[in-house]
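Here is the structure we will look at.
Just so it is clear, the structure is predicted and the values come from calculations on it, not from any experiment.
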Amino acid sequence: MGVVERKQDLLENIVRLRRAGRKAPGNRDISAVRAALERELGETVSRRLAARMLGVSHTALERWIKAGDLPLLYSPRGRFEVPVPALLDLYEAVEAERTEPPRRYVLTPTMTRRREAAQRLHIDSVNDQRERSPHDRARARSLAYHQTVARGLRKPAVQEARHVLSRWREQGRIDPHYAERWEQLLERPLPEIRRALMDESREADDLRQNSPFAGLLSEPERRRIVREVT
């Protein structure tokens, strides 16, 4: 099996494990196997592999990227690549909308729906016209982001956040103090988690800077928050 085929196989198996994890929340074996596959795959994949996974041409994917519908990250390989979480979310959304016979433009329905959702966002911080320092602007955007997450929060998203947190702990990517606080929070009922995500206290601000919910919103939603909260 070649490198590209192996990475595609990894991506498809990670998707299967994500789905299995939703049906069996808290299953540590599923989470452990998924984490092992994610370590092998890495944080990003090439744009050509992303296009292949989604069933579109590289040129078509580039158009969506340039339009701001899919994020890119600078990878350790020195290339701008597609973040794996964003690709997995998009792949599952596209798979759910596939038709027989297949549409010619398979990404269009999903991307259109995401753009429309971004336009409908209610951003509480947008009416605050104070001039902010870069630090305060980052905190305000983080608050607006998590307020948006909180409004649509469901159990599968909490389960995904738990998995992300577990992986960060294993990789040493989060301070143990914040990891413990997040673990405690994610065990609470959904209404309590929503209130904590929307809390405007300094303590909540600090917690959001280490959030396992990062990457949960679509790229059009994230861009709208960045644009509106200045």
Original post:
Would you say the side-chain atoms of Tyr91 pair up with the backbone N or O of Ala50, donor to acceptor, closer than 3.5 Å?
Top reply: no
Original post:
Are the side chain of Arg52 and the backbone of Val4 linked by a donor-acceptor contact shorter than 3.5 Å?
Top reply: no
Subject >> Donor-acceptor pair, side chain of Tyr178 and main chain of Gln209, under 3.5 angstrom >> reply: no
Subject >> Under 3.5 Å donor-acceptor, Thr148 side chain and Ala144 backbone >> reply: yes
Subject >> Under 3.5 Å: donor-acceptor pair, side chain of Arg141, backbone of Val226 >> reply: yes
Subject >> Donor-acceptor pair, side chain of Arg208 and main chain of His146, under 3.5 angstrom >> reply: no
**OP:** Decide whether Leu73 and Met53 are clustered together by the hydrophobic rule: side chain heavy atoms of Ile, Leu, Val, Met, Phe, Trp, Tyr closer than 4.5 Å, transitively.
**Re:** no
Original post:
Do Arg19 and Lys23 come within less than 4.5 Å of each other through their side chains, counting heavy atoms only?
Top reply: no
Original post:
Mind checking whether Asp89 and Arg114 have side chains closer than 4.5 Å, heavy atoms only?
Top reply: yes
Original post:
Is there a donor-acceptor pair closer than 3.5 Å between any side-chain N or O of Arg34 and the backbone N or O of Leu17?
Top reply: no
Original post:
Is a salt bridge present between Arg22 and Glu92, judged by a nitrogen-to-oxygen distance below 4.0 Å?
Top reply: yes
Original post:
Does a side-chain N-to-carboxylate-O contact under 4.0 Å join Asp69 and Arg115?
Top reply: yes
**OP:** Using the salt bridge (charged side-chain N to carboxylate O under 4.0 Å, His left out) rule, take Glu187 and Arg162 through it: C-alpha gap first, then chi angles, then the decisive distance, then the call.
**Re:** CA-CA 9 Å; Glu187 291 300 323; Arg162 290 194 188 107; 3.4 Å; yes
**OP:** Consider only side-chain heavy atoms of I, L, V, M, F, W and Y, link residues closer than 4.5 Å, and tell whether Leu186 and Leu153 are in one cluster.
**Re:** yes
**OP:** Assess whether atom CZ of Arg173 is packed by more than 12 heavy atoms of other residues, nucleotides or ligands within 6.0 Å.
**Re:** yes
Original post:
Looking only at atom types and distance, does a side-chain atom of Asn13 sit under 3.5 Å from a main-chain N or O of Asp9, one as donor and one as acceptor?
Top reply: yes
Original post:
Do Ile174 and Phe213 belong to the same hydrophobic cluster, where Ile, Leu, Val, Met, Phe, Trp and Tyr are linked whenever their side-chain heavy atoms lie under 4.5 Å apart, directly or via other members?
Top reply: yes
Original post:
Are more than 12 heavy atoms from other residues, nucleotides or ligands located less than 6.0 Å from atom CD of Gln171?
Top reply: yes
Subject >> Side-chain heavy atoms of Arg47 within contact of Leu72, under 4.5 Å >> reply: yes
Original post:
Are Trp168 and Asp175 close enough that some pair of their side-chain heavy atoms sits under 4.5 Å apart?
Top reply: no
Subject >> SB check Glu219 Arg222 (cutoff 4.0 Å) >> reply: yes
Original post:
Do Gln184 and Arg181 have side-chain atoms, one donor and one acceptor, less than 3.5 Å apart?
Top reply: no
Subject >> Main-chain N/O of Ser218 paired with Glu221 side-chain donor or acceptor, under 3.5 Å >> reply: yes
**OP:** Taking all heavy atoms of Val106 and all of Gly55, pick out the closest pair and write down the distance.
**Re:** CG2-O, 4.0 Å
**OP:** Search all heavy atoms of Glu200 against all heavy atoms of Leu143 and return the closest pair with its distance.
**Re:** CG-CD2, 3.7 Å
Subject >> Single-linkage hydrophobic cluster, 4.5 Å side-chain cutoff, Leu185 and Val158 together >> reply: yes
Subject >> Close side-chain approach of Tyr74 and Thr44, heavy atoms under 4.5 Å >> reply: no
Original post:
Val84 versus Glu43: any side-chain heavy-atom pair under 4.5 Å?
Top reply: no
Original post:
Would you say Trp182's side chain and Asn210's backbone share a donor-acceptor pair under 3.5 angstrom?
Top reply: yes
Original post:
Do the non-hydrogen side-chain atoms of Leu90 and Val82 ever get within less than 4.5 Å of each other?
Top reply: no
**OP:** Identify the heavy atoms of Leu216 and Tyr145 that sit nearest to each other, and give their distance.
**Re:** N-OH, 2.8 Å
